[in-house]
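Okay, structure first, notes after.
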Amino acid sequence: MRGAQRDALGFLQEEIQTLKDQGRYSRLRILETAQEAVAVVDGKRVVNLTSNNYLGLTTHPKLKGAAREAIDRYGVGSAAVRTIIGTMTLHEELERRLARFKGTESALVFQSGFTTNVAVCQSLMTSEEDLLISDELNHASIVDGARLAKSSRKVYPHKDMKALRSILESPQARGARRRLLVTDGVFSMDGDIAPLPEIVELAEKYEAIVMVDDAHASGVLGENGRGTVDHFRLSGRVPIQIGTLSKAIASLGGYVASRRVLREYLEHWARPFLFSSSHPPSVAAACIAAIEILETEPELLERLWENTRFFKEELRKMGWDTGESATPITPVIVKDTDVARRLSEMLFEEGVFALWIGYPTVAKGKERLRTIVTAAHTMEDLRFALEKLKKAGRALGLIA
Ligand SMILES: *Cc1c(COP(=O)(O)O)cnc(C)c1O
């Protein structure tokens, strides 16, 4: 009997071996400190170029204080879904703050950015007569949302506005009941920004609903970090904005900022909202404190961009290929999985943590290190990382 049970999952070993043969296997790295600019990973102290902690808020005293206070007052969990008895005052307060921050009528919070995208795509695209249109480099949660939706879907090549136009002009799109046009605001692997003005113009012409996923843009782009819609001055022209509370906001969760009617609809249709419990009060409280900081301490955002400009500029001067990045996410493209892995390992030995990313997360020929600087990095941290990048890059013959 015991033998039979072992064999029941035996096929997984072969799958894992395949990953290893393809160079796609990796083990989890363990962070032993808080998520900070200099952190201890797998027992080694490193300059951390890998987190999404854009503004350094994961350890901000105001967020920690707000979380502690919420625990004292409301306990550690909600023990219910939002629609039963899991909507606490703090959840409502957070949603009011998010709507004000984004300049929308309302906002609705979900357990994560991932579930937000899945929930919205699935809830809006309910018939085969609907059409979901998506950039090929959109986040996995949009891909999964599209898979769960009942609609057909069309994917256009990355930021290709001619291709998007021809999809919108096609009989299938013109005949569709609803057209949902989804794009990341900032693309998570390349750090480039969606051509939102063109997308909005096309959407208005062909009557598509635009949905922008600003996971990497909230707290980063636009005034006070309001996101790509604000960055491009498109307020009022993008009906659905998605954001995450897990990156710059430094806690956990996702939200949709939109019209009141969408919130009302999602309260009745969005399956993760209906069937999965709400955030612990400490999470909601930390998020509220983070939004307050975004609204009142623009210095953090300024520092993030100073650091970003400096780091990018120095990388380019060294001769690295940094793609089309225009945000704190800067890829260092080396075009080969083994080289990317070697470079990452050498840097780690030298005290710099930058993750390598290979196929299939990025296309073949686009293998890279992915670096992210934050407001919390000091000039000294960045100079140290750059020096090590130069050393390792030269040792591998990647730069002169
Ligand atoms: C990270 C990310 C998400 C998921 O957000 P979580 O809150 O981590 O679930 C969704 N969309 C994009 C574009 C992201 O980069």
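Order of appearance sets the numbers: ligands from 1, and atoms from 1 within every ligand. Not measured: the values here are computed from a predicted model. Worth knowing before you read on, the calculation uses all heavy atoms, side chains too, and leaves out hydrogens, waters and symmetry mates. Heads up: numbering here begins at 1 and tracks the sequence.
The protein atom (non-hydrogen) at minimum distance from atom 3 (C) of ligand 1 is H139 CE1, 3.4 Å. For atom 11 (N) of ligand 1, the closest heavy atom belonging to the protein is D213 OD2, 2.5 Å. Of the protein's non-hydrogen atoms, the one nearest atom 6 (P) of ligand 1 is G113 N, 3.3 Å.
Taking CD of E313 as the reference point, atom OG1 of T322 lies at 10.0 Å (rounded to 0.5 Å). We find the CH2-CD distance between W356 and E345 to be 8.5 Å, quoted to the nearest 0.5 Å.
Remark: ligand 1 atoms within the under-4.0 Å shell around heavy atoms of S188 are 15 (O). Listed by atom number, the atoms of ligand 1 under 4.0 Å from G253 heavy atoms are 7 (O). For ligand 1 and S246, the ligand atoms under 4.0 Å from any heavy atom of the residue are 6 (P), 7 (O), 8 (O). Set against the non-hydrogen atoms of K247, the atoms of ligand 1 under 4.0 Å away are 1 (C), 2 (C), 3 (C), 14 (C), 15 (O). In the vicinity of A215, heavy-atom distances shorter than 4.0 Å reach the ligand 1 atoms 2 (C), 11 (N), 12 (C), 13 (C), 14 (C), 15 (O). For ligand 1, the atoms closer than 4.0 angstrom to any heavy atom of F114 are 4 (C), 5 (O), 6 (P), 9 (O). Of all the atoms in ligand 1, the ones that sit under 4.0 Å from a non-hydrogen atom of S112 are 7 (O), 9 (O). The distance from ligand 1 to the heavy atoms of H216 drops below 4.0 Å at these ligand atoms: 15 (O).
Proximity of I242 to M211: side-chain heavy atoms (C-beta onward) are separated by under 4.5 Å at one or more points.
S258 places no side-chain N or O within 3.5 Å of a backbone atom of L262 that could act as its donor or acceptor partner.
Ligand 1 lies within reach of S141, whose nearest heavy atom is under 4.0 Å from it. The closest approach between a heavy atom of A140 and any atom of ligand 1 is not below 4.0 Å.
At a heavy-atom distance under 4.0 Å, no atom of L252 approaches ligand 1.
Among T183, D135, D192, the single residue meeting the side-chain hydrogen bond (donor to acceptor under 3.5 Å, both in side chains) criterion with K159 is D192.
Residue pairs that meet the ring-ring contact (aromatic ring centres under 6.0 Å, His included) test with at least one member in residues 132-167, sequence neighbours left out, are H158-F187.
The cluster map of Ile, Leu, Val, Met, Phe, Trp and Tyr, joined by side-chain heavy atoms under 4.5 Å apart, puts L382 and L347 in the same cluster.
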Under the criterion side chain to side chain contact (heavy atoms under 4.5 Å, CB included), I'd like the reasoning laid out for L180 against L131: C-alpha separation, chi angles, the key distance, then a yes or no. CA-CA 6 Å; L180 182 65; L131 181 64; over 6 Å; no
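In this structure T244 satisfies the side chain to side chain contact (heavy atoms under 4.5 Å, CB included) test together with A215, S246, K247, sequence neighbours excluded.
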